Amino acid sequence: MGVQTQALVSAKWLADMVKGNLVGSRLRILDTSWYLPMMKRDGKKEFAQSHIPGASFFDIDECSDRSSQFDHMLPTEKFFADYVGNLGIGNDSHVVVYDASDFGAFSCTRVWWMFRLFGHPQVSVLNGGFRNWVREGHPVTDMHTKPEPAHFTATMTRSWVKSFEDITDNIAAQQFQVVDVRPYARFRGKEPEPREGKFSVPPGHIPGSKCMPFFKFLDDDGMMLSTEKLQKFFKKSKVDLNKPICGSCGSGVTACHLVLAAHLCDAPGASVYDGSWYEWVTKAPPEHVVSEVKSKL
């Protein structure tokens with residue numbers, strides 16, 4: 001499918017590929033399920049019990065910079081290349097990613113973005129995820145055969161990743177729009193962040209950022225909204241698709257829904273603040289942590 005790879009593929013299309021025994025070196029399927037601790041779900045354990053035939057498991061926490069104090073920060077080019085190569089993915093593989101979340105898409109967009117970031121545009125999201133796959137009655141299995149390793153070369157597009165310093169400088173420079181995809185209440189500082197104990201941080205948002213909750217890019221069935229509806233959502237949120245956009249969230253996972261949505265609206269190349277809110281609130285001075293609740297004290 002080359003550079004014309006569709007960002008979204010349907011369950012029917014993928015089911016036909018599975019039925020035709022076309023899953024292999026040229027087509028790889030990845031279950032990328034990842035959950036917050038509060039969700040009390042284990043993606044890897046669930047994969048072992050039930051997944052799409054031919055799929056392998058992509059562990060977002062494992063394929064990351066393990067030396068960082070922040071969760072699942074991006075790995076190096078070499079680490080990513082070795083990791084996906086061990087999943088049987090080469091530079092000529094078409095990769096289809098999905099997750100088993102109740103949303104229809106939760107963590108899969110992060111892996112979709114990672115492949116594109118590391119120079120592999122032949123990657124698609126399974127529209128509706130495992131939730132829709134099961135609903136449509138397609139086969140599942142608990143069987144897994146480790147693929148033959150492949151050679152993968154990764155080349156990162158570094159402008160697609162923003163750092164704490166980039167976001168700080170942008171408060172004054174306003175060179176790109178920062179869009180936070182956490183729920184409105186967390187963005188406004190009215191509801192707590194979903195982390196407990198030593199990992200807990202206060203809610204709020206980055207100065208000048210706008211809010212487009214990730215789940216609003218999806219319909220009630222967990223499918224991505226149509227391009228027309230996505231464009232209306234961007235317009236209603238006062239986000240200009242003709243200007244640079246950077247997505248942020250709690251820890252850089254669901255921010256990638258924004259990147260996919262912009263891509264579907266013919267605005268490719270949106271960036272991601274990899275550290276997102278957890279890095280920001282840890283490093284930023286108090287005046288750069290905006291909260292409606294705090295401002296009323």
Side-chain angles (χ1 to χ4, degrees), residues 5-11 14 30-36 39 60 72 96-117 121 123-133 135 160 162 176-188 191 194 205-206 209-274 276-277:
T5 301
Q6 295 287 320
L8 297 174
V9 296
S10 69
L14 187 59
L30 298 179
D31 183 329
T32 68
S33 299
W34 172 90
Y35 304 104
L36 289 162
M39 294 176 169
I60 286 177
H72 39 255
V96 176
V97 298
Y98 74 91
D99 63 59
S101 72
D102 294 333
F103 293 105
F106 185 64
S107 53
C108 62
T109 57
R110 168 74 177 190
V111 180
W112 172 84
W113 174 73
M114 287 175 73
F115 271 100
R116 291 180 55 79
L117 173 72
V123 58
S124 308
V125 169
L126 175 62
N127 201 10
F130 193 60
R131 167 186 167 184
N132 182 64
W133 176 271
R135 182 173 58 225
W160 288 3
K162 299 303 182 189
F176 51 86
Q177 304 162 95
V178 177
V179 182
D180 194 321
V181 306
R182 291 173 302 146
Y184 291 121
R186 286 167 56 192
F187 177 84
R188 292 169 178 161
E191 284 188 4
H205 61 269
I206 297 165
S209 60
K210 297 171 183 178
C211 186
M212 296 180 72
F214 77 90
F215 47 85
K216 289 186 173 289
F217 292 114
L218 306 165
D219 67 18
D220 291 341
D221 293 323
M223 313 290 279
M224 285 294 291
L225 296 179
S226 66
T227 300
E228 181 182 3
K229 288 182 178 179
L230 289 172
Q231 289 171 336
K232 286 181 178 178
F233 185 28
F234 277 106
K235 187 175 182 180
K236 180 182 178 183
S237 304
K238 297 182 169 52
V239 176
D240 189 341
L241 287 165
N242 295 310
K243 296 179 180 178
I245 300 170
C246 174
S248 181
C249 57
S251 60
V253 175
T254 54
C256 301
H257 280 57
L258 175 84
V259 182
L260 175 58
H263 180 90
L264 293 170
C265 293
D266 295 321
S271 59
V272 170
Y273 173 23
D274 197 28
S276 282
W277 183 247

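Predicted model only: the values in this text are computed from it and were never measured.
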If you round to the nearest 0.5 Å, how far is [atom2] of [Y] from [atom1] of [X]?
| X | Y | atom1 | atom2 | result |
| --- | --- | --- | --- | --- |
| D99 | Y35 | CG | OH | 6.0 Å |
| L264 | L225 | CG | CG | 10.0 Å |
| S107 | Y98 | OG | OH | 11.0 Å |
| S251 | R182 | OG | CZ | 10.5 Å |
| D180 | C246 | CG | SG | 10.0 Å |
| L30 | L126 | CG | CG | 11.5 Å |

Provide the closest heavy-atom pair for [X] versus [Y] in the form atom of the first, atom of the second, distance.
| X | Y | value |
| --- | --- | --- |
| F217 | L258 | CZ-CD1, 3.9 Å |
| V259 | A270 | CG1-O, 3.7 Å |
| S237 | C211 | OG-O, 4.2 Å |
| A262 | F234 | N-CZ, 3.8 Å |
| R131 | D220 | NH2-O, 2.6 Å |
| C265 | Q231 | SG-CG, 3.6 Å |

Looking at the rings of [X] and [Y], which for Trp means the six-membered one, are their centres under 6.0 Å apart?
| X | Y | answer |
| --- | --- | --- |
| H72 | W34 | yes |
| H263 | W113 | no |
| F187 | Y184 | no |

Should [X] and [Y] count as side-chain neighbours, where that means a heavy-atom distance under 4.5 Å?
| X | Y | result |
| --- | --- | --- |
| L8 | L260 | yes |
| L218 | M223 | no |
| D274 | K162 | no |
| N127 | V9 | no |
| R135 | D221 | yes |
| S124 | T5 | yes |
| P268 | W160 | no |
| I245 | F176 | no |

Problem set entry | Stepwise side chain to side chain contact (heavy atoms under 4.5 Å, CB included) test for V181 and F215 | CA-CA 8 Å; V181 306; F215 47 85; over 6 Å; no

Check: [X] side chain, [Y] main-chain N or O, donor-acceptor pair, under 3.5 Å:
| X | Y | value |
| --- | --- | --- |
| S248 | V179 | no |
| S209 | H205 | no |
| R110 | G252 | yes |

Problem set entry | Residues forming a side-chain hydrogen bond (donor to acceptor under 3.5 Å, both in side chains) with T32, sequence neighbours excluded |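 By the side-chain hydrogen bond (donor to acceptor under 3.5 Å, both in side chains) rule, T32 matches no residue at all.
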
Problem set entry | Partners passing side-chain hydrogen bond (donor to acceptor under 3.5 Å, both in side chains) against S271 (at least two apart in sequence or in another chain) |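 For S271 there are no side-chain hydrogen bond (donor to acceptor under 3.5 Å, both in side chains) partners, ignoring immediate neighbours.
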
Exercise. H257 vs F214 aromatic rings, parallel, tilted or perpendicular, using cut-offs 30° and 60°?
Worked result: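 The rings of H257 and F214 stand perpendicular, inter-plane angle above 60°.
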
Problem set entry | Ion pair D240/K210, N-O distance below 4.0 Å |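 No, D240 and K210 are not salt-bridged.
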
